[in-house]
There are 2 protein chains.
Amino acid sequence: MASIKKNSTNNINRETIKSRCPEAYAMDLIGTRWKLSVFYNLKNGPMRFTVLRDRIGNVTDRMLTLHLREMEQDGLVIRTVYPEVPARVEYQLTESAMELQPVWELLRAWGSRHRNRQEGVEVAP
Amino acid sequence: MASIKKNSTNNINRETIKSRCPEAYAMDLIGTRWKLSVFYNLKNGPMRFTVLRDRIGNVTDRMLTLHLREMEQDGLVIRTVYPEVPARVEYQLTESAMELQPVWELLRAWGSRHRNRQEGVEVAP
DNA sequence: ATGCTTGCTTACATTTTTGTTAGTTCCTTA
DNA sequence: TAAGGAACTAACAAAAATGTAAGCAAGCAT
């Protein structure tokens, strides 16, 4: 998240797959720990940093900041600073990010179904 | 992938989110490096280990094995061993895994669109 | 002048994921 | 009897993600 080594096998593999495959590119943008939570909490409108943090719960300032910064960079959220004191910063989803909504819905449905099917399967009696 | 510390903050956070949110559960099952490639290559039918490995390219035996094992455990692939020598092992997607197809299609479409929009945005002239 | 809140940042530590290398086993065929 | 291929596994190393703890700037209320 912070410093990636451009020439590591790891990174080269990642980039190769991303460049070949839009699904992989998409997964890369949305697939880390707190991003889904950000989408989920911002889907109904903008929210300021602390509120978002408290709603998510269990995120540290640092982690949330890191993820928000990446999402901003990636065109998924917009950051608006209001020149007040104490500082007020609001985050909102971009249009493009909103268009992920159908994906989340499908994933949610699939997840529920799959979890039900898996219940009791993994731990044999 | 191998040894996770059950009581780390990291793991607790992960599990908490997963348990609350089917989307997160889903993302957790499908979101690591080589799994998308496995889905992609198996979507038209079963395939043996080496063929799969060579089609994906750049995966090591170990990595592929690790991911396939997890996917098996998670009810996403079925592993069939044919008692021949040299060994023949075939992998195929489960029905549940096939049902992810619409998700991949949406993600692919979104990924392409988003990438186009982002082009030239990140690197200012 | 001091304390207060928000939204960060820095430096460091831990955990998790990914990769590297070198085996191993099974029988079959040469 | 030795070589060979498929499908692994073990031991180790590196990279990346996540978490912890502390601190800082701005400027308003006290």
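Here is how names work: the chains are called A, B, and so on, in the same order as the sequence lines, proteins then strands, and each is numbered from 1.
- Phosphate proximity of D:dA16 to A:S8: present, with a side-chain N or O under 4.0 Å from OP1 or OP2.
- Contact check, A:H67 against D:dA17: no side-chain N or O comes under 4.0 Å of OP1 or OP2.
- Applying the side chain to side chain donor-acceptor pair (under 3.5 Å) test to B:R88 and every residue at least two apart in sequence or in another chain returns B:E84, B:E90.
- At whole-Å resolution of the value, CD1 in A:I30 and C1' in D:dA17 are 17 Å apart.
- Under 4.0 Å is where a charged nitrogen must lie from a carboxylate oxygen, and between A:E23 and A:K18 no such pair does.
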B/S/- contact track for nucleotides 2-11 of chain D, protein heavy atom under 4.0 Å: ---BSSBSBB
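- Each side-chain hydrogen bond (donor to acceptor under 3.5 Å, both in side chains) pair with one or both residues in residues 46-56 of chain B, not counting sequence neighbours, appears once here: B:R53-B:D61.
- In this structure, of D:dG19, C:dT15, D:dA17, it is D:dG19 that holds the atom nearest to the side chain of B:T9.
- Annotation: cation-pi pair B:K43/B:Y40 present, NZ/CZ under 6.0 Å from the ring centroid and within 45° of its normal.
- Distances were taken from every side-chain heavy atom of B:N11 (C-beta onward) to each of D:dT18, C:dT16, C:dT18; the shortest belongs to C:dT16.
- A close approach under 4.0 Å does occur between a side-chain nitrogen or oxygen of B:R14 and OP1 or OP2 of C:dT17.
- Distances shorter than 4.0 Å separate some side-chain N or O of B:N13 from OP1 or OP2 on D:dG19.
- Side-chain atoms of A:S8 do not come within 3.5 Å of backbone N or O of A:I4 as any donor-acceptor pair.
- Side-chain atoms of A:R113 and B:S96 include no donor-acceptor pair closer than 3.5 Å.
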